Undergrad: 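Handing you a structure now.
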There are 2 protein chains.
Amino acid sequence: MSLDALAQTFKALSEPLRLRIVHLLMQRNSLCVCDLMSILDQGQSTISRHLNYLKQAGLVHHWREGTWMHYALVPEALVPLQAGALQQCLQQLPELAADQEALAAYESTPRQCGRTASA
Amino acid sequence: MSLDALAQTFKALSEPLRLRIVHLLMQRNSLCVCDLMSILDQGQSTISRHLNYLKQAGLVHHWREGTWMHYALVPEALVPLQAGALQQCLQQLPELAADQEALAAYESTPRQCGRTASA
DNA sequence: TGTTAGTATCCGTATAAGCAGATATAAAGA
DNA sequence: TCTTTATATCTGCTTATACGGATACTAACA
């Protein structure tokens with residue numbers, strides 16, 4: 001998981017209608033586009049677009065059954081939302097190792113701006 | 001917490017640079033703008049704008065100390081990121097109660113689209 | 001009070017992404 | 001094969017937000 005991918009996960013959850021979709025998918029193994037259109041009372045292109053967005057972000061996967069496309073959550077995709085996991089995720093990102101070092105380096109030189117050595 | 005506010009929380013976390021800021025704030029009680037400029041090697045307006053965004057979303061609070069503005073995380077703001085908490089948060093949103101009912105109502109009428117009564 | 005440092009905000013510009021309606025594609029059935 | 005249904009994608013338009021540079025505000029200090 002990269003920093004951008006993590007950001008993308010949050011972005012996927014940053015839209016009210018997508019949150020409602022995720023909420024529904026949490027309660028059923030899968031739902032198809034027409035289910036969501038009815039339940040959420042939204043147009044087909046709107047539902048389809050948001051599902052595609054969730055798919056691009058890796059939050060859902062989908063498969064065809066006859067004419068219907070079923071969508072379901074990818075449970076692992078929500079790992080960053082578990083207890084303390086955001087910090088762990090961030091710690092593990094190689095991109096952020098540099099930030100760690102910059103933070104340490106920055107604090108190793110004396111600064112004036114009222115910083116107290118804080119936790 | 002409203003649905004829009006929850007979406008806003010995720011949106012605040014959906015930008016790589018803001019994630020890096022949050023990551024640093026997780027490790028220190030507070031940091032000021034000039035700290036973040038140095039550590040992240042970014043321009044002043046960029047840092048300030050992102051901090052303002054985080055503040056609007058309720059993820060950080062800030063206070064003045066002399067010339068310096070200090071920013072710190074609001075720990076409660078990250079509650080939706082705890083174990084199982086997203087689902088709980090969603091369940092508690094009044095806006096989503098209607099979705100619950102729509103889901104139940106929708107499933108109470110016979111449908112054709114290959115839905116098996118699923119968990 | 002004038003200067004400087006730290007910070008916030010404004011500006012112009014570019015891109016991402018929202019929506020609704022229209023069109024394209026794929027599978028099922030007559 | 002023609003039609004219908006379910007879904008995906010395109011189009012035109014609008015809004016949100018990213019960026020960097022410029023400007024404005026605030027506090028400290030000479």
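So that the names make sense, note that chain A is the first sequence line, chain B the second, and so on, each numbered from 1. Keep in mind the model is a prediction, meaning the values are calculated, not measured.
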Undergrad: Do A:R20 and A:I39 come within less than 4.5 Å of each other through their side chains, counting heavy atoms only?
TA: no
Undergrad: For the pair made of OH in B:Y53 and P in C:dA8, what is the distance, rounded to whole Å?
TA: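 Value for this atom pair: 17 Å.
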Undergrad: Check the distance between C:dA16's C1' and B:E15's CD and give it to me in whole angstrom.
TA: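 One finds 12 Å between C1' of C:dA16 and CD of B:E15, rounded.
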Undergrad: Taking B:L17 as the starting point, is it possible to reach B:L24 by hopping between hydrophobic residues whose side chains are less than 4.5 Å apart?
TA: yes
Undergrad: The side chain of B:L17 is closest to which nucleotide in this list: D:dC19, D:dT7, C:dA17?
TA: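 Looking only at side-chain atoms, B:L17 lies closest to D:dC19.
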Undergrad: Among the nucleotides C:dG6, C:dA17, D:dT9, which one has an atom lying closest to any side-chain atom of B:W68?
TA: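 The nucleotide sitting nearest to the side chain is C:dG6.
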Undergrad: Could you give the CZ-to-P distance, from B:R49 to D:dT17, as a whole number of Å?
TA: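 Distance check: B:R49 CZ to D:dT17 P gives 11 Å.
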Undergrad: Spell out, as yes or no, whether a donor-acceptor pair under 3.5 Å connects the side chain of A:S48 to the backbone of A:S45.
TA: no
Undergrad: Just the rounded figure in Å: distance from P of C:dG18 to CG of A:N52.
TA: 11 Å
Undergrad: Is any side-chain heavy atom of A:L36 closer than 4.5 Å to one of A:L51?
TA: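 They are in side-chain contact.
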Undergrad: Out of C:dG18, C:dT7, D:dT7, which has the shortest distance to the side chain of A:H50?
TA: C:dG18
Undergrad: Would the base of D:dA6 count as contacting A:Q44 through its side chain, where contact means a donor and an acceptor less than 3.5 Å apart?
TA: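 Counting by modelled atom types and ignoring angles, no donor-acceptor contact under 3.5 Å is found here.
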Undergrad: Please classify the nucleic acid contact of A:T46 as base, sugar-phosphate, or nothing, using heavy-atom distances under 4.0 Å.
TA: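 A:T46: backbone/sugar contact only, no base atoms under 4.0 Å.
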Undergrad: Considering only side-chain heavy atoms of A:S45, which listed nucleotide, D:dA18, D:dT9, C:dT7, is closest?
TA: D:dT9
Undergrad: Give me the atom names and distance for the closest heavy-atom approach of B:A12 to B:L59.
TA: CB-CD1, 3.7 Å
Undergrad: Would you kindly give the CG-to-P distance between B:D35 and C:dG6, to the nearest whole Å?
TA: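 The answer, rounded to whole Å, is 11 Å.
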Undergrad: Counting side-chain heavy atoms from C-beta on, which of D:dA16, D:dA8, C:dA17 comes nearest to B:K11?
TA: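 Nucleotide nearest to B:K11's side chain: D:dA16.
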Undergrad: What's the closest nucleotide to the side chain of A:T67 if the choices are C:dA17, D:dT7, D:dT5?
TA: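 Closest nucleotide among those given: D:dT5.
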Undergrad: In terms of the nearest nucleotide of DNA chain C, which residue is placed more toward the 5' end: A:R64 or A:G43?
TA: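 Counting from the 5' end, the first nearest nucleotide belongs to A:G43.
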